[in-house]
Student: 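Handing you this structure, nothing more for now.
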Amino acid sequence: MIVLASLSPISNSGPNVNQFGDIGMWMSIILILISYAIPLIIYSLGVDAFKYVMAALCGLGLLIGMAVIFTTILFIFTSTTSMILYALLCLSVLYIMSNIIWIFITFSTSNKSKNTILQ
């Protein structure tokens, strides 16, 4: 989603947005991967409190996805539309759906089934 946002006209909307191939784009991708990977690793090691950290991160991901959808729709209606904007819109919807799925997976796993998986 970050890569498509850096290719779209959204990347020309302000001085602090990421340009495609820029170090800021790669740092954003790394930050997102780390922010999802660390709680997932700790949760898979058996710390149940990180279930709530993962839920908070997925909630933040939902907010980010909705903000990207809103911004993309604004750009579609106000500027010349390009296929990248439609791809960004579709990818944002998929991103929101994946965060919702992660929330259900996180809270539907019981301790009994998790212990059998880890052993």
Side-chain angles (χ1 to χ4, degrees):
M1 190 166 71
I2 291 174
V3 173
L4 280 178
S6 68
L7 288 171
S8 70
I10 295 171
S11 66
N12 298 323
S13 64
N16 296 326
V17 288
N18 295 332
Q19 299 291 323
F20 181 74
D22 192 9
I23 189 72
M25 181 192 81
W26 292 110
M27 292 302 291
S28 295
I29 291 172
I30 290 170
L31 180 68
I32 289 172
L33 289 176
I34 288 172
S35 67
Y36 276 104
I38 290 174
L40 181 61
I41 290 169
I42 294 173
Y43 177 68
S44 65
L45 291 175
V47 180
D48 287 333
F50 271 83
K51 176 190 308 188
Y52 302 105
V53 173
M54 288 175 53
L57 288 173
C58 286
L60 182 65
L62 287 171
L63 289 174
I64 291 170
M66 287 187 276
V68 171
I69 286 175
F70 178 73
T71 306
T72 305
I73 289 172
L74 282 177
F75 270 91
I76 287 173
F77 287 128
T78 60
S79 67
T80 58
T81 59
S82 66
M83 290 305 290
I84 293 175
L85 286 174
Y86 292 113
L88 182 61
L89 187 64
C90 292
L91 195 60
S92 298
V93 170
L94 291 174
Y95 179 68
I96 287 174
M97 289 173 33
S98 69
N99 277 304
I100 291 171
I101 290 170
W102 267 107
I103 289 173
F104 282 118
I105 288 172
T106 301
F107 283 111
S108 68
T109 310
S110 67
N111 290 335
K112 187 176 182 181
S113 65
K114 188 179 79 166
N115 287 338
T116 58
I117 292 172
L118 291 175
Q119 292 176 355

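All values below come from the heavy atoms of this structure, side chains included, with hydrogens, waters and symmetry mates left out. The structure presented is a predicted model; accordingly, all values stated were derived computationally and were not measured.
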Student: At what distance, to the nearest 0.5 angstrom, does CG of Leu62 lie from CD1 of Ile103?
Tutor: 5.0 Å
Student: Is Leu85 reachable from Met66 through a run of I, L, V, M, F, W or Y residues, each pair having side-chain heavy atoms under 4.5 Å apart?
Tutor: yes
Student: What about Val93 and Tyr86, same hydrophobic cluster or not, with Ile/Leu/Val/Met/Phe/Trp/Tyr joined at side-chain heavy-atom distances under 4.5 Å?
Tutor: yes
Student: Out of curiosity, Ile76 CD1 to Ile69 CD1, how far, rounded to the nearest 0.5 Å?
Tutor: 10.5 Å
Student: If you take all heavy atoms of Trp102 and Cys58, which pair is closest and at what distance?
Tutor: CB-SG, 3.6 Å
Student: Supply the atom-to-atom distance Phe75 CZ to Leu88 CG, rounded to the nearest 0.5 angstrom.
Tutor: 10.5 Å
Student: May I ask whether Leu74 and Leu63 are part of the same hydrophobic cluster, defined by side-chain heavy atoms of I, L, V, M, F, W, Y residues being less than 4.5 angstrom apart, directly or through others?
Tutor: no
Student: What is the minimum heavy-atom distance between Val68 and Ser92, and which atoms define it?
Tutor: CG1-OG, 3.1 Å
Student: Can you tell me how far the CD1 atom of Ile84 sits from the CG atom of Leu89, to the nearest 0.5 Å?
Tutor: 13.5 Å
Student: Measure the spacing between CD1 of Ile42 and CE of Met54 and express it to the nearest 0.5 Å.
Tutor: 11.0 Å
Student: Which value, rounded to the nearest 0.5 Å, describes the distance between Ile64 atom CD1 and Ile96 atom CD1?
Tutor: 10.5 Å
